[in-house]
Amino acid sequence: MAKSPETEHPNKAFGWAAKDKSGLLSPFHFSRRDNGDNDVTVKILYCGVCHTDLHTIKNDWGFSYYPVVPGHEIVGIATKVGKNVTKFREGDRVGVGVITGSCQSCESCDQDLENYCPQMSFTYNSIGSDGTKTYGGYSESIVVDQRFVLQFPEGLPSDSGAPLLCAGITVYSPMKYYGMTEPGKHLGVAGLGGLGHVAVKIGKAFGLKVTVISSSPNKEDEAINRLGADSFLVSSDPQKMKAAIGTMDYIIDTVSAVHALFPLLGLLKVNGKLVTLGLPEKPLELPIFPLVLGRKMVGGSDIGGMKETQEMLEFCGKHNITADIELIKMDEINTAMERLAKADVRYRFVIDVANSLSPP
Ligand code: NAP
């Protein structure tokens, strides 16, 4: 008979979990494996709240495996390291992102693209390399193979730096891969949420002109005056959208819901590139005519590999890029999720895990 989450491993653990597709999170006792020779045990300080956490607790994609302890934007302190661990020492400040396992021998892993390994395991709602279920960062600690642990640069704050571990790498990686970093070029960022607002900051650090394309007119002032965007387009304003046709070299699309690609493709110049990062629960329609007639390209991208994630953290440290956050206590998470569903967050919730998570 399968063991219960509380008894399958030797070490007691505590966190908050969704138990069914209502998505309601509540206290949850489970267990963590012993620290192995290649492992780092991390006491969790902060954990960001990604829209993927919301999609997963609500079973938007149909593969949630309850109970789900979400959380993959983790910053904490290494409290134990295995005897083969060379990169970390006890007391180091470390990060854990979306991936906590991969086969480490396939073509993707050999190219530092663990994020595309067919056997990659996610930090939660996945099966780990030991064959047991993974539980994420809405919890007091986590045990992770050293390959999937990141050094957290000294200058980056733990709370507002935590969202870089998913939001940061998810926008940085495609900008590098698809060649969207040429200074002076024009980047559109569709959807001004967790991913989108970091894309604005990273785009500016690359020297791009950045326009936000948003469904929320009330975000204009902040986009320009707080986040540093050069201009702002409301996607439901037909006149302004028309005036912007053919002006952008690249677009990063972070919209979390089903939406039309046609207007976004229209904003691109000939040879323009649209990279879709959002994961709506239903397929998007791909309009062929603007692609063919403008030699445009649509691509996708999934987070990033470990080497590139470390590179992104150093880049953000150097350019003082962090997320704009609303720091919450663990027991405020259900209200935060309701607000996230309504695009009402400026611009990432981060849970103060160490100061607010305690077993009942
Ligand atoms: P988020 O903070 O909720 O931001 C999403 C933004 O999309 C919202 O702030 C809103 O921006 C816009 N939006 C939401 N509903 C909309 C609607 N019905 N119509 C038009 N615009 C809408 O989410 P996030 O954490 O940035 O994640 C965004 C998406 O990326 C999610 O689907 C997530 O699962 C996915 N994701 C993908 C990867 C990857 O590796 N590819 C990694 C992480 C997350 P405005 O108010 O400005 O319109």
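Just so you know, these numbers use all the heavy atoms, side chains as well, and skip hydrogens, waters and symmetry mates. Atoms within each ligand, like the ligands themselves, are counted from 1 in listed order.
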Those atoms of ligand 1 less than 4.0 Å from some heavy atom in C166
42 (C), 43 (C)

Pick from N84, V81, T86: which one makes a side-chain contact (heavy atoms from CB on, under 4.5 Å) with N38?
N84

I'd like to know if the side chain of S139 reaches the main chain of G136, judged simply by a donor and an acceptor atom lying under 3.5 Å from each other, with no hydrogens or angles considered.
yes

Ligand 1 to Y347 polar contact by distance, N or O atoms, under 3.5 Å
no

Heavy-atom contacts with R348 under 4.0 Å: which atoms of ligand 1 show up? List them by number with element.
24 (P), 25 (O)

Salt bridge check: are K201 and D324 linked by an N-O gap of less than 4.0 Å?
yes

Checking heavy-atom distances from atom 46 (O) of ligand 1 to each of P280, A341, G191, S216, the winner is S216

Does the N or O separation between L192 and ligand 1 drop below 3.5 Å for any pair?
yes

Atom 42 (C) of ligand 1: of N218, T170, T276, T254, the nearest heavy atom sits on T170

V258 versus ligand 1: do any nitrogen or oxygen atoms come within less than 3.5 Å of each other?
no

Any idea which protein heavy atom is nearest atom 40 (O) of ligand 1, and the distance to it?
I303 N, 2.8 Å

Please state whether K219 comes within less than 4.0 angstrom of ligand 1, counting heavy atoms only.
yes

Note the single closest protein heavy atom to atom 30 (O) of ligand 1, along with its residue, its atom name and the distance in Å.
G278 CA, 3.4 Å

Please write down residue, atom name and distance for the protein heavy atom closest to atom 33 (C) of ligand 1.
T52 OG1, 3.4 Å

Taking side-chain contact (heavy atoms from CB on, under 4.5 Å) as the criterion, tell me which of Q310, M312, E311 meets it with I169.
M312

Side chain or backbone, does G194 bring an N or O within less than 3.5 Å of an N or O on ligand 1?
yes

Heavy-atom pair with the smallest gap, counting every atom of L313 and P153
O-CG, 3.6 Å

R339 with E326: basic N within carboxylate O range, under 4.0 Å:
yes

Using 30° and 60° as the class limits, which term best fits the ring planes of H319 and F315: parallel, tilted or perpendicular?
tilted

Can you tell which of I169, V275, L277 gets a heavy atom nearest to atom 35 (C) of ligand 1?
L277

Does either side chain, that of H72 or that of T52, offer a donor lying less than 3.5 Å from an acceptor on the other one?
no

Under 4.0 Å between a side-chain nitrogen and a carboxylate oxygen: does that hold for K176 and E308?
no

Per the ring-ring contact (aromatic ring centres under 6.0 Å, His included) rule, which among F28, F14, Y124, W16 passes with Y135?
F28

Give a yes or no on this: more than 12 heavy atoms of other residues, nucleotides or ligands lie within 6.0 Å of atom OH of Y66.
yes

Pick from A257, S256, G304: the one approaching atom 14 (C) of ligand 1 most closely through a non-hydrogen atom
S256

Any salt bridge linking K80 with D39? Criterion: basic side-chain nitrogen under 4.0 Å from a carboxylate oxygen.
no

What about V255: any of its N or O atoms under 3.5 Å from an N or O on ligand 1?
no

Using a 4.0 Å cut-off to any heavy atom of D302, which atoms of ligand 1 qualify?
39 (C), 40 (O)

Would you say E8 has more than 12 foreign heavy atoms packed within less than 6.0 Å of its CD?
yes

Enumerate the atoms of ligand 1 whose separation from the nearest heavy atom of S301 is less than 4.0 angstrom.
39 (C), 40 (O), 41 (N)

Counting only heavy atoms not in K240 (residues, nucleotides, ligands), do more than 12 fall under 6.0 Å from its NZ?
no

Shortest protein contact, atom 26 (O) of ligand 1 (heavy atom only)
L195 N, 2.8 Å

Looking only at protein heavy atoms, which one is nearest to atom 32 (O) of ligand 1, and how far off is it?
H55 NE2, 2.8 Å

I need the atoms of ligand 1 closer than 4.0 Å to a non-hydrogen atom of H51, numbered in the order shown.
1 (P), 3 (O), 23 (O), 24 (P), 25 (O), 27 (O), 31 (C)

Considering only non-hydrogen protein atoms, determine which one is nearest to atom 8 (C) of ligand 1 and report residue, atom name and distance to 0.1 Å.
A343 CB, 3.8 Å

Of all the atoms in ligand 1, which lie at a distance below 4.0 Å from a heavy atom belonging to S214?
45 (P), 46 (O), 47 (O), 48 (O)

Would you mind running through ligand 1 and noting each atom that sits below 4.0 Å from a heavy atom of L340?
2 (O), 3 (O)

Using the rule that two of Ile, Leu, Val, Met, Phe, Trp, Tyr join whenever any of their side-chain heavy atoms come within less than 4.5 Å, decide whether L291 and I245 are in one cluster.
no

Kindly confirm or rule out an N or O of S215 lying under 3.5 angstrom from an N or O of ligand 1.
yes

Out of all atoms in ligand 1, which are within 4.0 Å of some heavy atom of G193? Include the element for each.
2 (O), 4 (O), 9 (O)

